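Just so you know, these numbers come straight off a predicted model, no measurement behind them. Only this structure's heavy atoms are used, side chains among them; waters, hydrogens and symmetry mates stay out.
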Amino acid sequence: QVQLVESGGGLVQPGGSLRLSCTASRSIFTNYAMGWYRQAPGKQRELVARITPGGNTNYADSVKGRFTISRDNAKNTVYLQMNSLKPGDTAVYHCPALGTNYWGQGTQVTISS
């Protein structure tokens with residue numbers, strides 16, 4: 001059974017940091033690139049970062065220099081370290097296996113003072 005479980009969201013003040021985690025089934029984790037998408041109310045869904053099984057990464061311009069995606073192959077887990085957070089980063093964050101219909105339930109990130 002394929003599973004993707006995100007965690008780590010919460011409420012932080014502008015300028016703060018959060019680290020999101022996404023644990024996936026082994027079969028998914030080893031065969032697909034993983035991405036972090038976010039969707040805010042009234043806005044289009046945005047791919048903010050992706051990482052291939054080999055560790056190559058790409059970022060949206062809106063998060064370059066602030067967010068870092070990484071993976072721990074031993075734990076089947078992808079991380080999104082988010083620094084210098086802004087109110088505009090508020091959204092539900094998901095980590096799908098790219099190119100598949102495998103999505104987790106998402107985790108809410110709220111940036112507010």
Side-chain angles (χ1 to χ4, degrees):
Q1 183 178 357
V2 173
Q3 286 190 319
L4 284 160
V5 180
E6 301 101 334
S7 62
L11 171 65
V12 297
Q13 293 186 340
S17 298
L18 278 175
R19 189 177 79 157
L20 306 183
S21 300
C22 172
T23 301
S25 302
R26 184 73 181 167
S27 61
I28 291 297
F29 190 81
T30 56
N31 291 304
Y32 294 96
M34 303 293 293
W36 281 99
Y37 274 88
R38 67 185 181 187
Q39 185 155 26
K43 294 187 177 180
Q44 283 193 324
R45 189 166 59 194
E46 177 185 23
L47 177 61
V48 297
R50 67 188 296 270
I51 187 166
T52 67
N56 293 320
T57 59
N58 297 96
Y59 298 91
D61 288 343
S62 57
V63 306
K64 276 182 183 175
R66 300 189 299 122
F67 290 11
T68 303
I69 190 170
S70 61
R71 61 192 294 149
D72 184 333
N73 293 333
K75 296 182 178 179
N76 299 337
T77 299
V78 175
Y79 302 99
L80 186 68
Q81 178 66 45
M82 306 187 294
N83 299 328
S84 301
L85 284 162
K86 306 174 182 179
D89 296 318
T90 296
V92 177
Y93 285 71
H94 296 268
C95 73
L98 298 179
T100 75
N101 292 322
Y102 301 131
W103 288 66
Q105 82 289 351
T107 186
Q108 175 71 47
V109 171
T110 303
I111 313 305
S112 176
S113 55

So which atom in [X] and which in [Y] form the shortest heavy-atom distance, rounded to 0.1 Å?
X	Y	answer
Ala40	Ala91	N-CB, 3.9 Å
Gly104	His94	O-ND1, 3.4 Å
Lys75	Thr77	O-OG1, 2.8 Å
Ser113	Pro14	N-CD, 3.7 Å
Leu4	Ala24	CD2-CB, 3.3 Å

Can Leu18 and Phe67 be said to form a side chain to side chain contact (heavy atoms under 4.5 Å, CB included), step by step? CA-CA 10 Å; Leu18 278 175; Phe67 290 11; over 6 Å; no

Under the side-chain hydrogen bond (donor to acceptor under 3.5 Å, both in side chains) rule, what pairs show up with a residue in residues 78-92, not counting sequence neighbours?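 Checked against side-chain hydrogen bond (donor to acceptor under 3.5 Å, both in side chains) - neighbours excluded - the pairs reaching residues 78-92 are Ser17-Asn83, Arg38-Asp89, Arg66-Asp89, Gln81-Asn83.
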
Once side-chain hydrogen bond (donor to acceptor under 3.5 Å, both in side chains) is applied, what residue pairs with a partner in residues 5-16 remain, sequence neighbours excluded?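 Sorted result for residues 5-16: empty, none.
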
Check step by step if side chain to side chain contact (heavy atoms under 4.5 Å, CB included) holds for Met34 and Ile28. CA-CA 9 Å; Met34 303 293 293; Ile28 291 297; 4.2 Å; yes

In this structure, are over 12 heavy atoms from other groups packed under 6.0 Å from Asn31 atom CG?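 For Asn31, atom CG is crowded (more than 12 foreign heavy atoms under 6.0 Å).
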
Quick one: which residue pairs count as a disulfide bond (SG atoms under 2.5 Å apart) with a foot in [range], not counting sequence neighbours?
range	answer
residues 23-113	Cys22-Cys95
residues 50-88	none
residues 24-69	none
residues 46-79	none

Qualifying residues under side-chain contact (heavy atoms from CB on, under 4.5 Å), relative to Ala49, sequence neighbours excluded: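 Ala49 satisfies side-chain contact (heavy atoms from CB on, under 4.5 Å) with Tyr59, Ile69, Leu80 once adjacent residues are dropped.
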
What residues form a side-chain contact (heavy atoms from CB on, under 4.5 Å) with Ser27, not counting sequence neighbours?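 Ser27 satisfies side-chain contact (heavy atoms from CB on, under 4.5 Å) with Ser25 once adjacent residues are dropped.
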
Scan for salt bridge (Lys or Arg N to Asp or Glu O under 4.0 Å) pairs involving residues 52-65, sequence neighbours excluded, and state none if there are none.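 Only Asp61-Lys64 qualify under salt bridge (Lys or Arg N to Asp or Glu O under 4.0 Å).
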
Salt bridge (Lys or Arg N to Asp or Glu O under 4.0 Å) partners of residues 9-37, not counting sequence neighbours, each pair once: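 Qualifying pairs, neighbours excluded: none.
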
How are the rings of Tyr32 and Tyr102 set relative to one another: parallel (under 30°), tilted (30 to 60°) or perpendicular (over 60°)?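 Plane angle over 60°, so perpendicular.
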
Can you tell me how far the CZ atom of Arg50 sits from the CH2 atom of Trp36, to the nearest 0.5 Å?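 Rounded to the nearest 0.5 Å, the CZ-CH2 separation comes out at 15.5 Å.
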
About how many Å separate CZ of Arg71 and OG1 of Thr30, when rounded to the nearest 0.5 Å?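 Reported value, rounded in 0.5 Å steps: 8.5 Å.
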
Connected-component partners of Leu98 among ILVMFWY, side-chain separation under 4.5 Å: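 Other cluster members: Tyr37, Leu47, Trp103.
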
Output the rest of the hydrophobic cluster of Val92: all Ile, Leu, Val, Met, Phe, Trp and Tyr residues reachable through side-chain heavy-atom contacts under 4.5 Å, sorted by chain and number.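 The other cluster members (ILVMFWY side chains, heavy atoms under 4.5 Å, direct or chained): none.
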
Taking the side chain as every heavy atom from C-beta outward, state whether Thr23 and Phe29 have any atom pair closer than 4.5 Å.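 No; the side chains remain at least 4.5 Å from each other.
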
